[in-house]
Structures are given as structure tokens and as C-alpha cells.
Amino acid sequence: MFLKSKAAVVTGSTSGIGLAIARALAKEGADVVLNGFGAPEEIERARAGIEAEFEVRAIYSPGDMLKPDEITAMILKAEKEFGAVDILVNNAGIQHVSPIEEFPVDKWDAIIAINLSSAFHAIRAVVPGMKQRGWGRIINTASAHSLVASPFKSAYVAAKHGIAGLTKTVALELATHKITVNCISPGYVWTPLVERQIPDTMKARNLTKEQVINDVLLQAQPTKQFVTVEQVAAMAVFLTSDAASQITGANISMDGGWTAQ
Ligand code: NAD
């Protein structure tokens, strides 16, 4: 329970990796802000479940990570409710798979806004408080696609390379303030985000579902296994610990060997 007096905001935490990170931080005693979209009753079940299971406070912010005003409002709400944001996890993300010349302009704009710019807006809102308190942890969910590319994912790869650069820059700026800034770069994690891109990949590459899973997704991963959300969450928890206080500006791969190739 080493996060007992801490509060965390995890963007995109109504599902997948973000929800696992929020739950893992709460398990260590942190109060958490859940954020993201989904059916209201499912979100409420996740929120109330965290409070009941881990005896922390959990609140929900519907802030749209496309909208800078709503991002700032989410951070202000967290500071008002919990008195501070000690841990910020920029995790919200979407994907779109399409050849570059057919890539919808609105999808490009949305992916850059949600997967990259939202982290900028959230970081700039939490940093003054973290500096004042002399402690902070900022963790960005990047991707193996922050290090290498795959065809048909131009916006996603551009955004994820961007978040890796943002991570390094902010880490240097905050290095003397006891605020660490890192990104975690998972390979393929079995979540709704991966499931949803299968039909488009089938279309773009003219493959069956099984071929996409085995020959495209797991093809990239030498271990031939998906990463689990719990594994990513455990890394996020470690990055908030004292043992990780000298890890900053790092891009931590959890990709079954994908980017070692
Ligand atoms: P997911 O679809 O399960 O979760 C995405 C979350 O983001 C959801 O809570 C969703 O509601 C939220 N979200 C989407 N648009 C939003 C918006 N405009 N405002 C607020 N919230 C919004 O996906 P996931 O796989 O858990 O992805 C989480 C992060 O992990 C993303 O940044 C993704 O790029 C990254 N990632 C995923 C994988 C993978 O294989 N699943 C691999 C590497 C990196």
C-alpha cells in the first residue's frame, strides 16, 4: 500500500490497459480518476468496484481527450477532489488502419489529438502542482510503434513516436524536481483496441482473421504471445515506486522481443 496518500489520473481507463493500471494503482492505495468512454452502467461498475475492492476513492471524469478544455477540467476536478494529482498516466488512445492515400483526414487529426496532444495538455496542467509538492510520476502509454513502424498505421506511429519524444523532453525539464517521466511501450496487448483493428487489417491486407492474428500481429512478437494488461499495469506501478526514482526519460519496451529484431 505504498501509494496510500497519493492520487492518480489515468486517461482512457474505462477499458483495457488504462483500467488495469487504475486498478493496480488503487490496489497500492492510490485514489484514482477514471476517464474514458463506455456504457454508463459499466463505467459505474468499474468505479464502484475499485472503491469497494481497494478501499480508496475513485471518481469518474467524462473528459474528452480530443478537447484541451475538458482535459484541463479533468485535472482541476482531480485536484479539487483529492487535493493533488501525484501520478498522471496518459493512456487514452485510438487506432485507425488505412493506406496513407486513403487515410481519412479526420482520423489523422483525432489520433494525433488523443494519442499525443492530450498528454501535452494533461502534463502542462499537472506539473505546477507536482513541482510545488516536489514529487510526481508521469507515465505515458506509448507502444512498440513509438520505436518501429508498421504499414497502414501512419497517424498512430507518428503519434507514438511523438509521445516518446515528449517523454524525453519533459523528463529533462523536470529532472531536478523529483518528478519522473517515462513511457511504457507494449507490443500487442489483447484489448478492444486490438480486436477492433482486425477487420480493417483483414481488408487492407486481404487476410482472414486467423491470418491477421498469427501472421500480422503475433508475427511481430518473437514470444508469439500477447502482452497482458496486468503486466503493463505492474510496470506502471513499479515506475511510481521509490525503486524507480532514477528511471526517467525511459522508453520501456514490453513487447515479447518485437523491437529487438
Ligand atoms: P482500449 O480501446 O481498450 O482503451 C482505450 C481507452 O481510451 C478507453 O477507455 C477509451 O474509452 C479511451 N478513449 C478513447 N478515446 C478517448 C477520448 N477521446 N477521450 C477519453 N478517452 C478516450 O485500448 P487499449 O489497448 O487499452 O489502449 C490503451 C493505450 O495503450 C492506447 O494509448 C494504445 O495506443 C496503447 N497501446 C495498446 C496496445 C495494444 O496492443 N492493445 C499496444 C501498445 C500500446
Side-chain angles (χ1 to χ4, degrees), residues 1-36 46-47 49-58 85-93 115 119 122 126 135-147 160 163-164 167 171 178-195 217-218 220-260:
M1 301 283 278
F2 70 96
L3 296 177
K4 194 105 191 93
S5 57
K6 303 283 195 256
V9 172
V10 185
T11 73
S13 51
T14 53
S15 166
I17 295 169
L19 180 56
I21 292 176
R23 287 179 54 79
L25 293 172
K27 192 175 180 192
E28 292 301 337
D31 293 323
V32 292
V33 177
L34 292 182
N35 159 259
R47 190 204 64 77
I50 287 173
E51 287 199 334
E53 205 172 325
F54 305 120
E55 295 178 357
V56 297
R57 286 187 63 205
V85 176
D86 305 292
I87 300 164
L88 169 67
V89 182
N90 292 301
N91 170 80
N115 296 19
V126 297
W135 195 91
R137 292 287 188 267
I138 299 171
I139 300 166
N140 301 316
T141 307
S143 164
H145 284 122
S146 75
L147 296 163
K160 293 300 185 181
I163 200 106
T167 301
K178 295 191 165 62
I179 303 168
T180 68
V181 189
N182 295 290
C183 57
I184 302 175
S185 283
Y188 284 107
V189 189
W190 189 255
T191 68
L193 180 139
V194 165
E195 261 184 289
L217 302 184
L218 293 181
Q221 243 154 258
T223 56
K224 302 294 174 210
Q225 288 177 23
F226 285 98
V227 183
T228 69
V229 294
E230 290 79 13
Q231 289 168 338
V232 180
M235 178 57 72
V237 169
F238 176 70
L239 287 172
T240 67
S241 71
D242 283 345
S245 66
Q246 291 304 312
I247 302 178
T248 195
N251 186 346
I252 298 169
S253 291
M254 300 185 72
D255 62 8
W258 174 350
T259 55

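A quick note: this is a predicted structure, and the numbers were derived from the prediction, not measured.
- For the pair Asn91 (side chain) and Val10 (backbone), a donor-acceptor distance under 3.5 Å is absent.
- Nearest heavy-atom pair, Gln231 versus Met254, reported as atom, atom and distance to 0.1 Å: O-CE, 3.3 Å.
- Taking 4.5 Å as the limit, some side-chain heavy atom of Phe2 sits within range of a side-chain heavy atom of Val237.
- For the pair Ile247 and Phe238, the minimum side-chain heavy-atom distance is below 4.5 Å.
- Between Trp258 and Tyr188, the two ring planes are parallel [angle under 30°; tilted spans 30° to 60°].
- Here the closest heavy-atom approach between residue Val227 and residue Gly187 is recorded as CG2-N, 4.1 Å.
- Note that CD of Glu230 and CE of Met235 are 14.5 Å apart. Values are rounded to the nearest 0.5 Å.
- At a threshold of 4.5 Å between non-hydrogen side-chain atoms, the residues Thr141 and Ile163 do not count as touching.
- Ser13 OG to Ile17 CD1: the interatomic distance, rounded to the nearest 0.5 Å, is 12.0 Å.
- Scanning all heavy atoms of the two residues, the minimum distance from Leu34 to Ala22 falls at CD2-CB, 3.6 Å.
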Review point. What's the verdict on side-chain hydrogen bond (donor to acceptor under 3.5 Å, both in side chains) for Ser146 and Asn251, showing C-alpha distance, side-chain angles and the deciding distance?
Key: CA-CA 9 Å; Ser146 75; Asn251 186 346; 3.0 Å; yes

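- Take Trp135 and apply the ring-ring contact (aromatic ring centres under 6.0 Å, His included) test, not counting sequence neighbours, and it matches no residue.
- When the options Asp31, Val56, Asp86, Leu25 are evaluated for a side chain to side chain contact (heavy atoms under 4.5 Å, CB included) with Lys6, the one that passes is Asp86.
- Interatomic distance, Gln221 CD to Phe226 CZ, rounded to the nearest 0.5 Å: 7.5 Å.
- The backbone N or O of Ala250 lies less than 3.5 Å from a partner atom in the side chain of Asn182, making a donor-acceptor pair.
- Atom CG of Asn35 sits about 12.0 Å away from atom CG of Leu19, to the nearest 0.5 Å.
- A salt bridge is absent between Glu53 and Lys27: the closest approach of a Lys/Arg side-chain nitrogen to an acidic carboxylate oxygen does not fall below 4.0 angstrom.
- In this structure the side chain of Leu3 reaches within 4.5 angstrom of the side chain of Ile87, judged on heavy atoms.
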Exercise for review: Under the side-chain contact (heavy atoms from CB on, under 4.5 Å) rule, what do Glu28 and Phe54 come out as? Steps first, then yes or no, please.
Suggested key: CA-CA 8 Å; Glu28 292 301 337; Phe54 305 120; over 6 Å; no

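- Listed here is the closest heavy atom pair of Thr191 and Gly16: CG2-CA, 4.0 Å.
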Exercise for review: Please test Cys183 against Ile139 for side-chain contact (heavy atoms from CB on, under 4.5 Å), starting from the C-alpha separation and ending with a verdict.
Suggested key: CA-CA 5 Å; Cys183 57; Ile139 300 166; over 6 Å; no

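- In this structure, the side chains of Ile179 and Arg137 stay at 4.5 Å or more apart for every pair of heavy atoms.
- The two residues Pro186 and Asp255 make their nearest non-hydrogen contact at C-CB, 4.3 Å.
- Contact annotation: the side chain of Leu218 never approaches that of Gln225 to less than 4.5 Å [non-hydrogen atoms, C-beta and beyond].
- Two residues are said to be in side-chain contact when any heavy atoms from C-beta on lie closer than 4.5 Å; Leu239 and Thr180 fail this criterion.
- Taking the side chain as every heavy atom from C-beta outward, Val181 and Asn140 approach each other to under 4.5 Å.
- Closest approach of Ser253 and Thr259 over heavy atoms only: OG-OG1, 3.6 Å.
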